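A short write-up of the structure that comes next.
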Amino acid sequence: MAAAGAAVCPSPTVFLLMVNGQIESAQGLEEGISQITSKNRNIQQDLVWNFPIDITFKSTNPFGWPQIVISVYGPDVFGNDVVRGYGAVHVPFTPGRHKRTIPMFVPESTSKLQKFTSWFTGRHPEFTDPKVIAQGEGREVTRVRSQGFVTVSFNVVTKDMKKLGYDVLPLSTPNPSLTSIT
């Protein structure tokens, strides 16, 4: 029994995961419009965004963990905005610094007539629902083409995951301030 006047701290029922980072750059894509960029003048001609990410999750279970879905658009020869690439990555849930390279892809027309019609009308195949990219359900019948890579960096801090039975060890922690908070 607890002593009179002593505070009893209940065990946690949720864990917290705090993530900050950035969508850094792309290789192989031509242009993007969600955050405007143009080709760098270096030899690789990377597209540099440095688009910030700052999210906090509160959960009881990491099952079905969130993903970041990236859609990159750019103008075609007629000035119409067309998809340049889709990609998705799960948000890491281990403390520390993480860098992910996301392969990008675009849906393709299935016949030469459809390709010509797409080019002529400026209406290229694209997904209307971003869930298709994250889930992959229904994509097994979609013809796609590889279209470069996007680099994303994450800095992850967790709280109370170990108290809920999730033994998550940091992969590497070059920055000692990025650790798990217990």
Side-chain angles (χ1 to χ4, degrees), residues 17-57 59 61-94 96-156 168 171-172:
L17 184 117
M18 294 152 283
V19 180
N20 68 26
Q22 60 187 354
I23 300 172
E24 293 181 355
S25 61
Q27 302 85 31
L29 300 169
E30 293 180 20
E31 293 184 41
I33 63 169
S34 57
Q35 182 177 352
I36 296 179
T37 187
S38 59
K39 286 185 180 177
N40 197 344
R41 294 180 190 220
N42 65 9
I43 295 172
Q44 294 176 330
Q45 294 190 344
D46 293 345
L47 296 171
V48 178
W49 287 294
N50 293 330
F51 187 79
I53 299 169
D54 191 7
I55 48 181
T56 301
F57 295 101
S59 182
N61 187 348
F63 179 76
W65 200 246
Q67 298 180 55
I68 291 181
V69 174
I70 297 174
S71 302
V72 180
Y73 292 84
D76 64 4
V77 294
F78 301 114
N80 300 317
D81 289 331
V82 296
V83 67
R84 297 295 186 184
Y86 294 114
V89 65
H90 282 92
V91 175
F93 60 89
T94 55
R97 185 175 306 266
H98 306 273
K99 189 172 269 200
R100 299 288 188 263
T101 302
I102 306 168
M104 303 297 283
F105 61 90
V106 291
E108 272 200 335
S109 300
T110 55
S111 71
K112 294 200 184 289
L113 178 61
Q114 286 176 332
K115 285 181 186 180
F116 175 74
T117 306
S118 294
W119 177 83
F120 186 70
T121 62
R123 304 266 311 155
H124 299 278
E126 64 181 89
F127 297 120
T128 56
D129 186 1
K131 290 179 184 176
V132 172
I133 299 150
Q135 294 173 347
E137 190 174 309
R139 281 196 3 223
E140 64 275 357
V141 295
T142 305
R143 182 178 290 182
V144 296
R145 173 175 37 94
S146 264
Q147 191 69 11
F149 300 90
V150 170
T151 304
V152 180
S153 65
F154 300 97
N155 300 311
V156 178
V168 182
L171 297 175
S172 64

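Given the structure is predicted, the values throughout are model-derived calculations rather than measurements.
Residues Ile102 and Ile68 fail the side-chain proximity criterion, which asks for heavy atoms closer than 4.5 Å. Using a 4.5 Å cut-off on side-chain heavy atoms (C-beta onward), Pro103 and Phe149 make contact. With a 4.5 Å cut-off on side-chain heavy atoms, Val72 and Trp49 count as touching. Contact annotation: the side chain of Ile53 never approaches that of Val91 to less than 4.5 Å [non-hydrogen atoms, C-beta and beyond].
A distance of 11.0 Å separates CD in Glu108 from CD in Gln114, rounded to the nearest 0.5 Å. Within the model, atoms CD1 of Ile55 and CZ of Phe154 stand 7.0 Å from one another, a figure rounded to the nearest 0.5 Å. In this structure, CZ on Arg100 lies 12.0 Å from OG1 on Thr151, to the nearest 0.5 angstrom. Note that CG of Asn155 is 10.5 Å distant from NZ of Lys99, once rounded to the nearest 0.5 Å. For the atom pair CZ (Arg145) and OG (Ser109), the distance works out to 9.5 Å, reported to the nearest 0.5 Å.
Leu17 and Val19 get closest at one heavy-atom pair: CD2-CG2, 3.3 Å. Taking each heavy atom of Val156 and Pro92 in turn, the nearest pair found is CG2-O, 3.8 Å. Contact detail for Val150 and Ala26: the closest heavy-atom pair is CG2-CB, 3.9 Å. Summarising the geometry of Gln67 relative to Ala134, their closest heavy-atom pair is NE2-O, 2.9 Å, with the distance given to 0.1 Å.
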Where do Phe51 and Ile70 land on the side-chain contact (heavy atoms from CB on, under 4.5 Å) test, with the steps shown first?
CA-CA 12 Å; Phe51 187 79; Ile70 297 174; over 6 Å; no

- [ ] Could you go through the side-chain contact (heavy atoms from CB on, under 4.5 Å) check for Arg84 and Val82 one step at a time?
- [x] CA-CA 6 Å; Arg84 297 295 186 184; Val82 296; 4.1 Å; yes

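Between Tyr86 and Tyr73, the ring planes are perpendicular. Angles over 60° get that label, and only those under 30° would be called parallel.
Listed for the Ser59 side chain is a donor-acceptor partner under 3.5 Å among the backbone atoms of Asn61. A donor-acceptor pair under 3.5 Å is absent between the side-chain atoms of Glu126 and the main chain of Val83, judged by distance alone.
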